[in-house]
Asks: 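Mind looking over this structure? Questions follow.
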Amino acid sequence: MFEIKYRDALGRIGILDINGKKIETPTIMPVIHPNPKKQVVPIDFIKKLTDIIITNSYITYITKSLRELALKVGIHKLIGFDKVIVTDSGSFQLGTYGDVKVSPREIIEFQEKIGVDVGTILDIPTPPDVEKEKAEKDLEETLRRAKEAIELKREKNFKMLLNGTIQGSTYLELRQRAAREMAKLNFDIYPIGAVVPLMESYRFKEVAEIIINSKMNLPTNKPVHLFGCGHPMLFALAVALGCDLFDSAAYILYAKDDRYLTERGTLSLEELKDLKSFPCSCPICSQYTPKELYQLEKKERERILAEHNLYVTFEEMNRIKEAIKNGSLWELVEERVRAHPKLLEAYRVLKNYMYYIERFDPVIKKTAFFYSGVESLFRPEVYRHKKRLKRIKYEKVYITTVSKDIERPYSENLNVKETDVDILIKHPIFGYIPYYIDTIYPLSQHEAPELYDFEKEINKKFQEEFLEFLKKKGVKVLNIVEYNYYINSIGKFNSDSFRIKRMLEYQYGYDIIKDKKIKVVRSKNTGRLRQVLDENDNILFSVRSHDNLLIPSKLGAKLLWENIPFPKYRVVVNKEAEPFIREGRNVFAKFVIDCDEDIRPYEEVLVVNEDDDLLGYGTAILNGIEMKEFSTGLAVKVRGGIK
Ligand code: GUN
Ligand code: ZN
């Protein structure tokens, strides 16, 4: 029902199949009034922008004329939109007025009857900061209604998909519990509810924590909808935290107050009216000057402003998708969070959850890591490097610095011979960069300004801890002053196998080479590593040029399989899939019966059967958690099968 196509951070470009209607996520559902006469923006305009909208089943239910028409012709004809229609349940009205005139069961049945594509339970949106007992009591009732709705759907064989909203107020343990309990009920989509009051008061840090604490306890194979979040300035961060769906009433609500949305915040038409033209080139802003728009009569002004608001809303979502595809979502997030200190505060809280976030963040990206401030020091790429530094089986280590005028990668630009001792170069972002692996993403593929002293200090503690770690392991640690002057006097020289051993240890955590005799092929022009061969000149690994990962050939895959103990780096498929994988076909998630939970997206992995016979090798599209939870889409893009 949901599959991942591209990914970055916890964000994903996915395909959501809603009874045969396919929606690409992340996306935004404009809120549409069920009464066509009350629609601010013409539905034909909406249709051009989106394949999915959200409307309100409760308003439809309590308004006699709408109810009768909806029951007669269905919600799609009522609204004049034949693609996906999601409905909310009246929970928002329940939250606002304290009461609704429909039972939880009735509103579920009504949504199915009027032909809704995705309906919503009548969850209780507990506001922030209530007494914990109240939040618990509300949550119990929401869970009861959730169970009732799921049973009803099963009993009566409902066609519509169901939203199971996560509540729990500002209590993170209640959000966690809600997510765990709702997960058991197997809803189709999981909205995160009752965050509107937090967003309205700029309590973005709490919103971020609520999202992460919910995500950590929800199945990875279901889309998450951030209910009531329609401001484009929040999208990048929310998508990076794993939200797939958004709804926007904001485009109308802001327009009603003469407010103009931008991806950096909100402007008022009043303050814009003296500008010669708008700071946007959407069809609306290209057609009107601020003054012209300002002078229009209220109704028309509202519609036109709402149209601009929709354009920027979709534009930002498209920008986010582009960033996911090229691996620069963190860079976009770091730009956006600087629009407001409260957003920056929300971003900063991610540091505490990096152990979780890192599991989902691709190991390689198409674009370089751009440092944009001290928060970048805590990004998953850095976190992962610091963990993986410990994978290398050091014996004797030289600690050194490299003078600033020497460009990366050091191992290519320093005109020195190679040694078979480890040289760790102190680095202000990554802590230490081992000389032999310094071409691997992101150790060479990053850009940063000269750091301030206080930023450099942040790594000091890590560096000290790492030295302690080495000493505990019995590694001999020596200091040399500056690499470029002293290097020629240490160790044995020209050990390509030592370099490859280290690169593979960093990539896989095991010694793959051991005593095997290997050779390397370098580019004639640049001297860069291109291939790793065995004694008989068979290719074992190719060095991928943009990230320098070692990509195995069939022989390389066998070597990995021999030297990495089961279940590490394994994806286990069922008997049925075995012949297909051996033919070199891709692994789909439905074939996966087990796997190494520590697999990260875009790592090179081994495909095996239950007896650990090697069937193929390829690139993981899903991480080790997702492989087990997803049932549709690609799990491993296979490079080759093994007969
Ligand atoms: N719209 C905004 N917040 C909520 C919520 O918590 N629940 C539902 N059902 N709709 C919402
Ligand atoms: Zn515009």
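When a ligand or atom number is given, it counts from 1 through the structure's own listing order.
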Asks: Please work out the angle at the Zn ion (ligand 2) defined by atom SG of Cys282 on one side and atom SG of Cys280 on the other, rounded to 10°.
Replies: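 If I round to 10°, I get 110°.
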Asks: CD1 of Ile54 to CZ of Phe246: how many Å apart, nearest 0.5 Å?
Replies: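 Ile54 CD1 to Phe246 CZ: 13.0 Å, rounded to 0.5 Å.
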Asks: Can you tell me which residue and heavy atom of the protein come closest to atom 10 (N) of ligand 1, and the distance to 0.1 Å?
Replies: Asp88 OD2, 2.6 Å
Asks: Considering both backbone and side-chain atoms of Thr120, is one of its nitrogen or oxygen atoms within less than 3.5 Å of a nitrogen or oxygen in ligand 1?
Replies: no
Asks: Test the Arg379-Phe369 pair against the cation-pi criterion, namely NZ or CZ under 6.0 angstrom from the six-membered ring centroid and within 45° of the ring axis.
Replies: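 Yes - Arg379 lies over the ring of Phe369, closer than 6.0 Å to its centre and within 45° of its axis.
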Asks: To the nearest 0.1 Å, how far is atom 1 (N) of ligand 1 from its closest protein heavy atom, and which atom is that?
Replies: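 Result: Phe227 CD2, 3.4 Å.
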Asks: In ligand 1, which numbered atoms sit nearer than 4.0 Å to a non-hydrogen atom of Ser91?
Replies: 7 (N), 8 (C), 9 (N)
Asks: So Asn318 and Glu322, side-chain hydrogen bond (donor to acceptor under 3.5 Å, both in side chains) or not? Walk me through it.
Replies: CA-CA 6 Å; Asn318 290 334; Glu322 192 273 332; over 6 Å; no
Asks: Which atoms of ligand 1 sit under 4.0 Å from any heavy atom of Gly193?
Replies: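 So the atoms of ligand 1 that pass are 5 (C), 6 (O).
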Asks: Going by the salt bridge (Lys or Arg N to Asp or Glu O under 4.0 Å) test, name the single residue among Lys153, Lys159, Lys222 that passes it with Asp188.
Replies: Lys153
Asks: With atoms numbered from 1 as shown, which atoms in ligand 1 lie under 4.0 angstrom from a non-hydrogen atom of Pro125?
Replies: 6 (O)
Asks: Looking at Glu112, Glu151, Glu109, which one forms a salt bridge (Lys or Arg N to Asp or Glu O under 4.0 Å) with Lys156?
Replies: Glu109
Asks: With nothing but distance in play, are any N or O atoms of Asp123 less than 3.5 Å from an N or O of ligand 1?
Replies: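 Yes.
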Asks: By atom name, which N, O or S atom of His308 is the nearest to the Zn ion (ligand 2)?
Replies: ND1
Asks: Taking atom types as modelled, is there a side-chain donor on Glu331 or Ser328 under 3.5 Å from an acceptor on the other?
Replies: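 Distance-only check fails for Glu331 and Ser328.
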Asks: Taking the six-membered ring of Tyr294, is NZ or CZ of Lys273 closer than 6.0 Å to its centre and within 45° of its axis?
Replies: yes
Asks: Under 3.5 Å, N or O to N or O, is Ala194 touching ligand 1 that way?
Replies: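 Yes, Ala194 has an N/O under 3.5 Å of an N/O on ligand 1.
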